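What follows is one structure encoded as structure tokens, with my remarks underneath.
Counting begins at 1 with the first residue of the sequence. The structure displayed is predicted, hence computed values, not measured ones.
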Amino acid sequence: MLATGSKLMTVTRRPNPGLLAAGGAIAILVLLPIGVTAGNAVAAGWSLAVMLLWRPLTGELLTNTLLLIGCVTVACALIGTGTAWLVERTDLPGRKLWGVLAVVPLAIPAFISSYAWLSLDSSLFSNFGGALLVVTMSYYPLVYLPVAAALREMDPALEETARALGNNTRQVFLRVVLPQLRPALLGGMLLVALNTLVEFGAFALLRFRTFTTAIYAAYRAGFSGAEPALLAMVLIALCIACLVAEQLVRGTARYGRLARGTRAAATRYSLGKARVVAPVFLAVLGFAALVVPLGMIGYWLTKTGNAATTVAASDWAAVARASWASVRLGVGGAVLTMALALPLGMLATRSDGWLVAVLERAAYLAQGVPGIAVALALISLTVHDLHPLYQSTFLLLLAYSVLFLPLALVSVRSALMQAQVRLEESGRSLGLGRLAVLLRITLPLAAPGLGAAAAMVFIAITTELTATLLLAPIGTQTLATQIWANTSTVAFAAAAPFAAALAAMSMLASWLLARRFGAASVLSIAHGAV
């Protein structure tokens with residue numbers, strides 16, 4: 001901004017043509033699955049579309065999906081907010097330990113939790129209640145983390161003023177605290193809704209029918225590409241509707257202190273008689289979210305059965321091969337995703353203009369595209385037009401990049417914003433070219449944030465199931481696909497070594513990431529920032 005008299009003039013930073021071209025290509029890549037899916041749906045014709053969508057099955061899928069999303073989102077909001085309040089604002093015994101345990105379930109994929117509960121009692125949990133339990137226990141930390149962070153950042157003077165005016169604890173929470181938590185709470189609820197909407201592995205194992213399981217079944221049936229395309233378009237529409245609804249409910253209001261001076265310590269409320277009940281509640285929560293999944297994996301690791309099952313369960317060489325495949329794909333996908341996120345992040349942080357904004361927002365649209373829709377679109381495209389890429393590792397890595405580009409872009413953008421532009425300008429003034437400035441100044445300054453982004457993408461890829469099932473080349477077996485294959489045939493003991501390896505890998509990587517870059521990075525693993 002330049003001041004001239006009493007007027008302000010905005011200095012517009014022109015985008016670099018090379019970065020602009022790269023950003024346009026990346027935006028096209030992200031929008032390609034949506035375009036291919038829409039094209040396949042339109043090609044089905046109006047009459048076939050009406051016949052496939054206007055039928056009892058679609059109504060059942062819509063009811064199951066929306067009912068589950070509503071129940072899971074509300075349950076996660078209540079559990080996540082309540083847990084955050086107990087940990088951050090009360091005299092709860094062992095607050096730090098409970099805070100750590102509340103985050104750990106994020107490192108256990110939902111389909112591993114479903115494997116554990118299903119192996120505990122397949123008849124009891126193969127229904128709506130089982131799906132509600134499994135997904136809620138997996139995703140409530142998505143609400144806990146942002147709400148806990150908001151409670152830590154909230155100005156305690158607001159609550160003190162409300163108490164001075166005669167409000168009791170309940171009134172202070174409802175009238176003062178809860179309105180201030182609105183952005184964090186809505187953002188967490190949106191993440192829960194989106195993750196529930198696109199979840200596949202957990203629902204498929206629990207035999208609970210949603211749009212994702214129906215799309216997969218229609219694709220495997222192979223009679224027509226119209227049905228999976230039409231159902232995928234409904235799923236995409238629901239994802240976008242969630243994003244729009246959250247934006248409308250949240251509005252444009254801003255919440256926060258105008259001055260960032262010294263902040264007094266927040267008052268911790270006495271639990272009174274609930275001091276005994278609260279730890280019991282958190283213990284039950286930890287048992288359902290952690291003890292059951294990890295305990296059942298441990299149980300099946302030591303369980304002996306028939307000869308075939310015993311051999312499969314003890315085949316640690318197969319586990320090593322699947323682990324190596326997961327790591328190899330995770331590293332390759334992270335490298336390709338970062339290669340796409342970096343030029344778009346540079347464009348967004350170093351340039352202005354409506355075109356830059358459009359390209360950046362287009363990249364974030366991948367957040368509303370389910371993995372199964374991306375995979376089916378790429379299959380359709382490569383089968384008909386780019387056949388050499390069909391069943392190739394590159395195609396799978398490309399799908400990972402489209403799915404997790406928003407996850408990487410959030411951290412890349414933040415890291416590049418922290419790299420001072422003045423240092424880059426100084427380098428240019430000393431005769432360095434753009435590439436030299438990037439390699440010698442920008443990237444070293446942004447390295448920690450870029451490392452966090454790459455680590456988050458790696459973790460997300462190693463636990464991804466849907467796109468891997470559909471796009472992995474023949475013979476490629478990851479930990480996730482091996483768990484799926486064995487659990488689908490009720491070979492719980494055979495699946496246990498793979499589940500143990502994946503859970504250990506995910507929890508270790510998440511712990512290292514949180515230790516190195518902070519707990520906020522763990523939240524981004526689930527589905528990017530909203």
*asked:* Within the 4.5 Å heavy-atom criterion, are T58 and V234 side-chain neighbours or not?
replied: no
*Give every residue pair that meets the side chain to side chain donor-acceptor pair (under 3.5 Å) criterion with at least one member in residues 34-46, sequence neighbours excluded.*
N40-S380
*Who passes side-chain hydrogen bond (donor to acceptor under 3.5 Å, both in side chains) against T210, sequence neighbours left out?*
T212
*Euclidean distance, L186 CG relative to L191 CG, rounded to 0.5 Å*: 11.0 Å
*What are the two closest non-hydrogen atoms of A202 and S114, and how far apart are they?*
CA-OG, 3.5 Å
*Can you name the residues that form a side-chain hydrogen bond (donor to acceptor under 3.5 Å, both in side chains) with N64, not counting sequence neighbours?*
none
_Tell me every residue that passes side-chain contact (heavy atoms from CB on, under 4.5 Å) with A193, counting only those two or more places apart in sequence or in another chain._
I69, T73, C242
_Counterpart residues, side-chain hydrogen bond (donor to acceptor under 3.5 Å, both in side chains), relative to S401 (two or more places apart)_ = T337
*Could you check if a side-chain atom of V412 sits within less than 4.5 angstrom of a side-chain atom of L344, using non-hydrogen atoms only?*
no
*Could you go step by step and tell me if I372 and F211 meet the side chain to side chain contact (heavy atoms under 4.5 Å, CB included) rule?*
CA-CA 10 Å; I372 195 166; F211 274 103; over 6 Å; no
_Under 3.5 Å donor-acceptor, Q180 side chain and R182 backbone_ = no
*Please name all residues satisfying side-chain contact (heavy atoms from CB on, under 4.5 Å) with A27, sequence neighbours left out, ordered by chain then number.*
L359, A362
*Report the residues that fulfil ring pair (Phe, Tyr, Trp, His ring centres under 6.0 Å) with F200, sequence neighbours left out, ordered by chain and then residue number.*
Y216, W484
_So, taking the atom named CD in Q477 and the one named CD1 in I483, what distance separates them when rounded to the nearest 0.5 Å?_
12.5 Å
*asked:* Do L197 and T65 make a side-chain contact, defined as non-hydrogen atoms from C-beta onward lying under 4.5 Å apart?
replied: yes
*Is there a side-chain contact between I236 and P370 (heavy atoms, below 4.5 Å)?*
yes
_Ignoring hydrogens, what is the shortest heavy-atom contact between A102 and P105? Give both atom names and the distance._
O-CD, 3.7 Å
*asked:* Main chain of L502, side chain of S506: is a donor-acceptor contact present, judged purely on distance under 3.5 Å?
replied: no
Without placing hydrogens or testing angles, list every side-chain donor-acceptor pair under 3.5 Å for residues 325-336, not counting sequence neighbours.
{"from": "S326", "atom 1": "OG", "to": "A322", "atom 2": "O", "distance (Å)": "3.1"}
{"from": "S326", "atom 1": "OG", "to": "L479", "atom 2": "N", "distance (Å)": "3.1"}

*Can you sort out the partners of L32 under side-chain contact (heavy atoms from CB on, under 4.5 Å), two or more places apart, ordered by chain and number?*
V36, L381
*Check whether any side-chain heavy atom of L405 lies under 4.5 Å from a side-chain heavy atom of I26, and answer yes or no.*
yes
*About how many Å separate CG of L62 and CG of L235, when rounded to the nearest 0.5 Å?*
11.0 Å
*asked:* Using side-chain heavy atoms (C-beta onward) and a distance below 4.5 Å, is L20 in contact with L347?
replied: yes
_Quick check: closest heavy atoms across A44 and L230, and the distance to 0.1 Å?_
CB-CD1, 4.3 Å
*Might you point out which heavy atoms bring P33 and V374 nearest each other, and give the distance in Å?*
CB-CA, 4.0 Å
*So how far is it from Y219 OH to I379 CD1, rounded to the nearest 0.5 Å?*
3.5 Å
*asked:* Ignoring hydrogens, what is the shortest heavy-atom contact between L376 and P228? Give both atom names and the distance.
replied: CD1-CB, 3.8 Å
_Set of side-chain contact (heavy atoms from CB on, under 4.5 Å) partners for A84, sequence neighbours left out_ = Y144, V147, A148, L151
Show every donor-acceptor pair shorter than 3.5 Å between a side-chain atom in residues 451-474 and any protein atom, with sequence neighbours excluded, or say none if there are none.
{"from": "T462", "atom 1": "OG1", "to": "F458", "atom 2": "O", "distance (Å)": "3.3"}
{"from": "T462", "atom 1": "OG1", "to": "I459", "atom 2": "O", "distance (Å)": "2.9"}
{"from": "T463", "atom 1": "OG1", "to": "I459", "atom 2": "O", "distance (Å)": "3.2"}
{"from": "T463", "atom 1": "OG1", "to": "A460", "atom 2": "O", "distance (Å)": "3.3"}
{"from": "E464", "atom 1": "OE1", "to": "A467", "atom 2": "N", "distance (Å)": "3.4"}
{"from": "E464", "atom 1": "OE1", "to": "T468", "atom 2": "N", "distance (Å)": "3.1"}
{"from": "E464", "atom 1": "OE1", "to": "T468", "atom 2": "OG1", "distance (Å)": "2.8"}
{"from": "E464", "atom 1": "OE2", "to": "T466", "atom 2": "N", "distance (Å)": "3.1"}
{"from": "E464", "atom 1": "OE2", "to": "A467", "atom 2": "N", "distance (Å)": "2.7"}
{"from": "T468", "atom 1": "OG1", "to": "Y400", "atom 2": "OH", "distance (Å)": "2.6"}
{"from": "T468", "atom 1": "OG1", "to": "E464", "atom 2": "O", "distance (Å)": "3.4"}

*Start with the C-alpha gap between I79 and M137, add the side-chain angles, then the distance that decides, and say whether side chain to side chain contact (heavy atoms under 4.5 Å, CB included) holds.*
CA-CA 9 Å; I79 294 173; M137 291 301 98; 4.1 Å; yes
_Given T136, which partner from the list L68, V72, L78 fulfils the side chain to side chain contact (heavy atoms under 4.5 Å, CB included) test?_
V72
*Drop me the distance from T476's OG1 to L396's CG, to the nearest 0.5 angstrom.*
8.0 Å
*asked:* If the condition is side-chain hydrogen bond (donor to acceptor under 3.5 Å, both in side chains), which residues does T481 pass it with, not counting sequence neighbours?
replied: T478
*Could you tell me the separation between the CD atom of E227 and the CD1 atom of I215, rounded to the nearest 0.5 Å?*
9.5 Å
_Nearest atoms (heavy-atom pairs only) where C239 meets L194_ = O-CD2, 3.7 Å
*Checking side chain to side chain contact (heavy atoms under 4.5 Å, CB included) against L398, which of L29, L403, L389 comes through?*
L29
